[in-house]
**Q** 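Encoded as structure tokens, here's the structure I'll be asking about.
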Amino acid sequence: MDNPSQYWSLAQAINTAASRADNRQIFSAMGAQRPGPRELALMLQPQARAHLEQMAARAKSLTARHFGNTVSLYAPLYLSNYCSSGCVYCGYASDRKQPRRKLPFDAVARELDALKREGFEEILLLTGERTPQADFEYVQACVRMASELFPQVQVEAFPMTVDEYRKLNLAGCVGVTLYQETYHPVVYDMMHRWGPKKDFAGRVSAPAHVLEAGMRTVGMGVLLGLSDPVVDSIALYLHAEEFRKKYWRSGIAISFPRIRPQEGGFQPAHPVEDRLLAQIVFAFRIVMPDVPLVLSTREKPLFRDGMAGVGISRMSAASRTTVGGYAGAPAEDRGQFEVSDRRSVMEICDMLQAKKIEPVFKNWDAVYTG
Amino acid sequence: MKPLVLGDLEFQSRLLLGTGKFSSSAVMLEAVKASGAQIVTVALRRFNRERPSDDLLGPLMTLKNITLMPNTSGARDAAEAVKAARLARELCGSRLIKVEIHPNPHHLLPDPIETYEAAKILAADGFIVMPYMPPDPVLAKRLEEAGCASVMPLGSTIGSGNGIAAGGLLDIIINNSNVPVIVDAGLRAPSEAAAAMEAGCAAVLVNSAIAAAGNPSAMAQAFAAAVQAGSAAYEAGLMARSTTAAATSPLTLFLG
């Protein structure tokens with residue numbers, strides 16, 4: 001779309017039209033041959049909540065069809081919590097009284113070793129917004145180190161130029177995650193008080209830069225709770241669908257972060273309860289049957305267990321959201337958000353196997369990278 | 001049944017199995033055994049030498065009388081597929097390679113141009129090349145000329161269970177091929193596998209329909225029986241199909 005605020009306005013119009021739907025229309029959306037934004041909106045309406053069980057059944061069968069009886073596992077690795085932005089909801093915002101750390105390369109190596117010993121083969125390297133402490137060259141160097149050990153390395157950091165993404169790709173990074181947080185331009189402006197992340201248009205255009213640079217995947221998502229979660233979900237879908245036709249050699253993945261308690265005590269204006277989050281995941285699975293849907297350890301064990309394989313095809317496990325959390329972060333450090341599922345890798349594997357789902361660690365090979 | 005000939009190798013079973021998507025490698029191994037398959041395909045990206053519990057190659061190598069056919073799923077172009085094929089040959093010691101190049105990670109449809117390029121290189125390099133391809137009769141001949149040991153047109157998209165979506169094109173491929181035609185992907189029911197064999201396919205490759213079945217081993221057996229029945233029917237020669245009845249009083253008798 002030409003204007004970045006159009007995702008929200010179009011999503012809002014689609015949602016308004018869907019809000020008048022009756023049961024028959026919601027049922028036909030659930031079984032539509034080629035569902036699109038209209039069907040997504042219909043399945044996200046409050047009146048669709050009565051059909052959650054049917055939506056779950058369809059989501060489960062579509063997940064099995066495209067991903068088999070498997071869930072792939074990855075681990076996040078926080079490289080730095082320096083940040084130059086003032087995101088209201090984030091524990092690492094630049095005004096939080098939080099000890100700031102950046103992993104020196106020897107500590108990065110120790111963290112990587114610790115994760116490798118846990119059995120991980122796919123990792124996500126994270127930083128805050130671009131700072132002199134954790135700049136592009138630092139992230140690039142960490143990617144190089146990680147790709148020596150891990151067949152699949154992805155990055156969730158700050159928006160970069162197409163040229164930087166190309167370099168990151170050459171260094172061994174196959175995918176980049178960049179959440180929009182919200183597509184509501186006014187709420188976005190209020191939530192991002194200062195720093196580079198305040199640039200709404202820049203944030204919206206960043207995922208396209210990832211794909212222009214030839215990355216295999218871009219991870220997208222909204223931070224559920226900041227604005228109307230239904231409208232934000234529809235806007236996210238519209239954004240993702242644009243990429244399907246334009247960047248046909250790449251893929252997308254969708255995550256469903258919702259606001260958790262963190263440093264600063266931010267209370268979301270639109271709290272998303274479990275049933276609504278499940279409804280959003282099921283609806284995305286039905287309209288995007290072949291897209292990886294991701295759930296992190298922000299969520300509680302009971303919820304994660306229930307969602308595994310029922311829409312969700314990819315999960316993080318045994319995550320630490322502190323810098324240096326795997327191989328000895330100071331105990332007083334607070335993470336970017338509170339981890340709700342603190343189970344070990346083995347416990348997650350046991351849970352999946354009990355559900356007759358195979359946990360998959362390696363689903364990629366370095367031969368396809370760079 | 002006549003053997004299935006691929007390059008200089010011969011096989012009795014005409015059912016090939018995929019090994020992804022199973023709920024555990026134990027379930028996968030049971031299904032492979034139950035199917036009687038002699039060729040199984042396994043993705044290089046699921047080889048994990050460092051963690052046996054996450055590895056698909058190790059368990060498969062313990063099976064007797066199985067020929068591994070590694071595949072290059074994940075490759076986006078010919079260069080990546082060639083690299084992957086060489087690495088896979090080194091790791092599992094099999095010359096069979098399923099060339100699978102799908103640049104789009106969502107619909108997983110094969111790229112005909114890159115597949116052709118990779119097939120030429122790999123055939124010249126001594127591989128027994130098995131290309132996963134769209135059901136395109138011209139591409140099938142081009143791949144045959146490039147030295148492929150078979151062609152593997154898709155029935156429909158991977159995991160879709162939509163059966164043989166372009167039966168007319170598959171017929172043309174079969175009628176014109178000098179190499180075995182193996183339907184790969186899209187089959188849901190044993191009856192579809194039987195129909196493919198009756199139509200003259202040399203073999204079928206099945207994964208999702210078995211992995212996602214309520215009882216994978218039982219479904220593997222059902223597919224094996226269907227493939228045998230379809231193959232026997234083809235060998236026996238099916239009665240010609242006709243849409244009109246044969247007139248009892250010939251209409252052209254007056255012509256003398």
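Numbered from 1 within each chain, the chains take letters A, B, ... in sequence-line order.
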**Q** Relative to chain A, which of B:Gly74, B:Ala211, B:Gly159 shows the most heavy atom pairs under 4.5 Å?
**A**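 Between B:Gly74, B:Ala211, B:Gly159, the count favours B:Gly74.
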
**Q** Can you see which heavy atom on B:Ala140 is nearest to which on B:Val151, and at what distance?
**A**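 So the two residues come closest at O-CG1, 3.7 Å.
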
**Q** Salt-bridged, A:Glu122 to A:Arg314, with N to O below 4.0 Å?
**A**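 A:Arg314 and A:Glu122: salt-bridged.
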
**Q** Test of understanding: with side chain to side chain donor-acceptor pair (under 3.5 Å), list the residues that count as partners of B:Ser160, not counting sequence neighbours.
**A**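 Testing B:Ser160 for side chain to side chain donor-acceptor pair (under 3.5 Å), a comparison that skips the adjacent residues, returns B:Ser156, B:Thr157.
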
**Q** Could you grab the distance from atom CG of A:Leu295 to atom OG of A:Ser255, nearest 0.5 Å is fine?
**A**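 Answer for the CG-OG pair, A:Leu295 versus A:Ser255, is 8.5 Å.
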
**Q** Report, by ascending residue number, the residues of residues 60-67 of chain A in heavy-atom contact with chain B at a distance under 4.5 Å; give 'none' if the set is empty.
**A**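 Answer by number: A:Arg65, A:His66, A:Phe67.
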
**Q** Looking at chain A, which one of B:Leu108, B:Asp111, B:Asn104, B:Asp55 has the largest number of heavy-atom pairs inside 4.5 Å, strictly under?
**A**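 Highest number of pairs under 4.5 Å: B:Asn104.
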
**Q** Where does B:Ala75 contact chain A at under 4.5 Å (heavy atoms): side chain, backbone, both or neither?
**A**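 Both parts, backbone and side chain.
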
**Q** Determine, using ring centers only, whether A:Phe284 and A:Phe256 are less than 6.0 Å apart.
**A**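 Aromatic pair counts; centres sit under 6.0 Å.
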
**Q** Quick check: does any side chain N or O of B:Glu117 sit under 3.5 Å from a backbone N or O of B:Ala78, one acting as donor and the other as acceptor?
**A**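 A pair under 3.5 Å: no.
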
**Q** Any Lys/Arg nitrogen of A:Lys116 or A:Glu121 sitting under 4.0 Å from an Asp/Glu carboxylate oxygen of the other?
**A**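 So A:Lys116 pairs with A:Glu121 through a salt bridge.
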
**Q** Name the region of A:Pro359, side chain, backbone, both or neither, that has any atom closer than 4.5 Å to a heavy atom of chain B.
**A**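 A:Pro359 touches chain B through backbone heavy atoms alone.
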
**Q** Most heavy-atom pairs under 4.5 angstrom with chain A, which of B:Ser73, B:Gly161, B:Ser53?
**A**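 Highest number of pairs under 4.5 Å: B:Ser73.
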
**Q** If I measure from the heavy atoms of chain A, does B:Arg51 come under 4.5 Å with its side chain, its backbone, both, or neither?
**A**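 Side chain of B:Arg51 only, per the 4.5 Å heavy-atom cut-off to chain A.
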
**Q** Do NZ/NE/NH1/NH2 and the carboxylate oxygens of B:Glu30 and B:Lys33 come within less than 4.0 Å?
**A**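 Looking at B:Lys33 together with B:Glu30, the answer is yes, because their closest N to O distance falls below 4.0 Å.
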
**Q** With a 3.5 Å cut-off and no angle check, do the side chains of A:Gln154 and A:Glu156 form a donor-acceptor pair?
**A**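 A:Gln154 vs A:Glu156: no donor-acceptor pair found between side chains.
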
**Q** For B:Asp54 and B:Asn48, which I'm curious about, is there any donor-acceptor pair between the side chains at under 3.5 Å?
**A**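 Short answer, yes.
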
**Q** Taking C-beta and beyond as the side chain, do B:Lys98 and B:Met152 meet within less than 4.5 Å on heavy atoms?
**A**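 With C-beta onward as the side chain, the pair touches.
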
**Q** Give me the contact list for residues 234-246 of chain A versus chain B, heavy atoms only, anything under 4.5 Å, ordered by residue number.
**A**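 The stretch touches chain B at A:Arg244.
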
**Q** May I ask you to test the A:Arg343-A:Asp305 pair for a side-chain heavy-atom distance under 4.5 Å?
**A**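 Yes. Closest side-chain heavy atoms under 4.5 Å.
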
**Q** Just give me the residue among B:Glu50, B:His106, B:His107, B:Arg46 that pairs up with chain A most often, heavy atom to heavy atom, under 4.5 Å.
**A**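 Looking at each option in turn, the highest pair count goes to B:His106.
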
**Q** Between A:Ile357, A:Leu352, A:Val360, A:Val291, which shows the greatest number of heavy-atom pairs under 4.5 Å with chain B?
**A**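 Most pairs with chain B among the choices: A:Val360.
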
**Q** Which donor-acceptor pairs under 3.5 Å do the side chains of residues 123-134 of chain B make with protein atoms, sequence neighbours left out?
**A**
| from | atom 1 | to | atom 2 | distance (Å) |
| --- | --- | --- | --- | --- |
| B:Asp125 | OD2 | B:Arg86 | NE | 2.9 |
| B:Asp125 | OD2 | B:Arg86 | NH2 | 3.3 |
| B:Asp125 | OD2 | B:Arg89 | NH2 | 3.3 |

**Q** Please state whether the side chain, the backbone, both or neither of B:Leu87 comes within less than 4.5 Å of a heavy atom of chain A.
**A**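 Contact with chain A is through the side chain of B:Leu87 alone.
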
**Q** Using only heavy-atom distances, determine whether the side chains of B:Lys21 and B:Ser208 contain a donor-acceptor pair under 3.5 Å.
**A**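 B:Lys21 vs B:Ser208: donor-acceptor pair found between side chains.
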
